[in-house]
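What you are looking at is a predicted structure, and each value in this text was computed from that prediction instead of being measured. The sequence lines fix the lettering, A, B, ..., with proteins before strands; numbering per chain opens at 1.
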Amino acid sequence: MAIRAVRGFKDILPQEIRSWHRIEDLAYGVFNTFGFKEIRIPLVEKTEVFSRGIGEYTDIVEKEMYTFPDRKGLSLSLRPEATAGLLRAVNEHRLYAQSPILKLFTMGPMFRHERPQKGRLRQFYQIDAELLGTKAPLSDLEVIWMAWDIIVRLGVKNVRLEINSLGCPRCRPGYRDALKSYLESVFQDLCPNCQRRSKTNPLRVFDCKEKSCREIMKNAPLMRQYLCPECTEHINKVLESLEVLDIPFVINPYLVRGLDYYVMTTFEIVSPDLGAQSTVAAGGRYDGLLRDLGGPDLPGVGMAIGVDRLLLLLEADEETLPIDLFVVALGLTARKKVIPWIGTWRRHGLRVQMSYEDRGLKSQLRQANRLGAHYVLILGEDEIKEERLIVRDMKTHDQQKIPIDNNLISGLENLIDM
RNA sequence: GUGGGCGUGGCUCAACGGAUAGAGCAUCGGGUUGUGGCCCCGAAGGCUGUGGGUUCGAUUCCCACCGCUCACCCCA
């Protein structure tokens, strides 16, 4: 029985790698123009980073993390998201001291032990950006803008921005109480799941798909009615700036993030083409998180793009990487002559391949054709005797002979016009 | 963790409970002893996911397990 990859862990095969590069390259470009700098952080952190950062009683921390003791008994976890670890690094290296505003991005795999399905793997990739040091609504905009830009510029059509405000530590408790007491009053009529959620994560009840729960929640109090003046002004300014930019959005009063650190602005970019896991990108404001991780009380806002999901929305890229020159050497003498030439051409940047097997001309030409070679160079006994080798243009079928002399290397390069 | 669907050459899929499990694509070789693609011919490639059961006989029906997948849950 051959060994298979672990459930929920996938190989990214050569035929899909170009799409990955396309996404990553575009993201690098966008981040660069927005003035974000790259940071690379460990895949493993002390479990504490996530339990304190994301929240001890969130599903992610409670039942989805890969947590294990190291050889000395210290509890470690594979990162289930990027923000907590990134802020740990910011704090550890006092990066916030360099400038009042810190703009960072990172990309890489995250790990959550969930049941795999479409758009949900146990190792999945995120492109993540964080903007620290300001509460200004325009910083929310920047982060949303980048996510939107990356997704739209990749050619994804059918996406929608959903946005909401979760309030702040001043107004959220009042709302939470109101929601809780409402949920208590209707407790008997909620589905078992929501009865549990009403205690652990009341906002999540809004997400329930049960008809009865939806009906009940239509009369539930909404955060919007409880937002303090500052939060109201903040979200309004974010929405105004989105309008200025012509980024279409819908206000989703039920939008909730499953991580405890979010306050005020939260958003998702969703696509109906993804199946049940419809969120391509998401993020929000997390003032207070850095403080909770033991750092200074710096506000922040961030976003993460699900690369695997984004990939599901893209047209598959061509995998074939054409080559410039395929060298056919027939026989041992020819092979020996040809190898140093190949080395030179490769150092000059030409994409050159040869057959590793001692096959006939026909077979090697077939191989050259399959590889998409533009030119084929043929060197056999006749050519050695004649001291001229054959250069064949596979597209036009033209063939010509060029002398094997000191000018061979540059002569060929001129001929094939690279 | 719960439920549905599906497991046959590398890939996409056939085969009423019946014979040596087939086809297309891909691979390799030949048709041209040194000229690719198209065409023709041929070769190689299978413990039909695993283990039980029913049957004279199971790829086919039943059960269990494993795997994949979609959905619930949750989230990027």
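- The aromatic rings of A/Phe105 and A/Phe31 lie parallel to each other, their planes meeting at an angle below 30°, with 60° marking the opposite boundary.
- Look at B/A64: its Watson-Crick or wobble partner, with both distances under 3.5 angstrom, is B/U50.
- Within a 6.0 Å sphere centred on CD of A/Glu386, heavy atoms belonging to other residues, nucleotides or ligands number more than 12.
- Residue A/Gly119 is in base contact, counting any heavy-atom pair closer than 4.0 Å across all strands shown.
- Rounded to whole angstrom, the span from the CG atom of A/Asp393 across to the C1' atom of B/U35 amounts to 14 Å.
- Taking only side-chain nitrogens and oxygens, A/Arg359 never comes nearer than 4.0 Å to OP1 or OP2 of B/G36.
- Under a cut-off of 6.0 angstrom, the local environment of CZ in A/Arg335 is crowded, with over 12 non-hydrogen atoms contributed by other residues, nucleotides or ligands.
- Between A/Leu121 atom CG and B/C68 atom P the separation is 11 Å, expressed in whole Å.
- As rounded to whole Å, 13 Å separates atom P of B/A76 from atom OH of A/Tyr286.
- Taking both residues in full, the closest heavy atoms of A/Ala82 and A/Ile41 are given as O-CD1, 3.9 Å, listed atom of the first, atom of the second, then distance.
- Within the 4.0 angstrom heavy-atom criterion, base atoms lie near A/Ile390.
- Atom P of nucleotide B/C75 and atom OH of A/Tyr262 are separated by 11 Å, given to the nearest angstrom.
- When both distances must be under 3.5 Å, the Watson-Crick or G-U wobble mate of B/C16 does not exist.
- Contact annotation: A/Ser363 side-chain N/O to B/G29 OP1/OP2 distance is under 4.0 Å.
- Side-chain atoms of A/Arg120 come within donor-acceptor range of the base of B/C73, with a qualifying N/O pair under 3.5 Å.
- At a threshold of 4.0 angstrom between heavy atoms, the contacts of A/Lys10 are confined to the sugar-phosphate backbone, with no base atom among them.
- For B/G34, its base sits under 3.5 Å from the side chain of A/Glu383 at one donor and acceptor pair at least.
- Donor-acceptor pairing under 3.5 Å, judged by distance alone, is absent between the side chain of A/Gln117 and the base of B/C68.
- With hydrogens and angles ignored, a donor-acceptor pair under 3.5 angstrom links the side chain of A/Arg392 to the base of B/G36.
- Residue A/Arg115 places no side-chain atom within donor-acceptor reach of the base of B/C72, judged by atom type and a 3.5 Å distance cut-off alone.
- One can find a donor-acceptor pair under 3.5 Å joining the base of B/C75 and the side-chain atoms of A/Arg309.
- Contact of A/Gln399 with B/U35 (side chain to base): a donor-acceptor pair of N or O atoms is detected under 3.5 Å.
- Taking side-chain N and O atoms only, A/Arg366 has a distance below 4.0 Å to OP1 or OP2 of B/G29.
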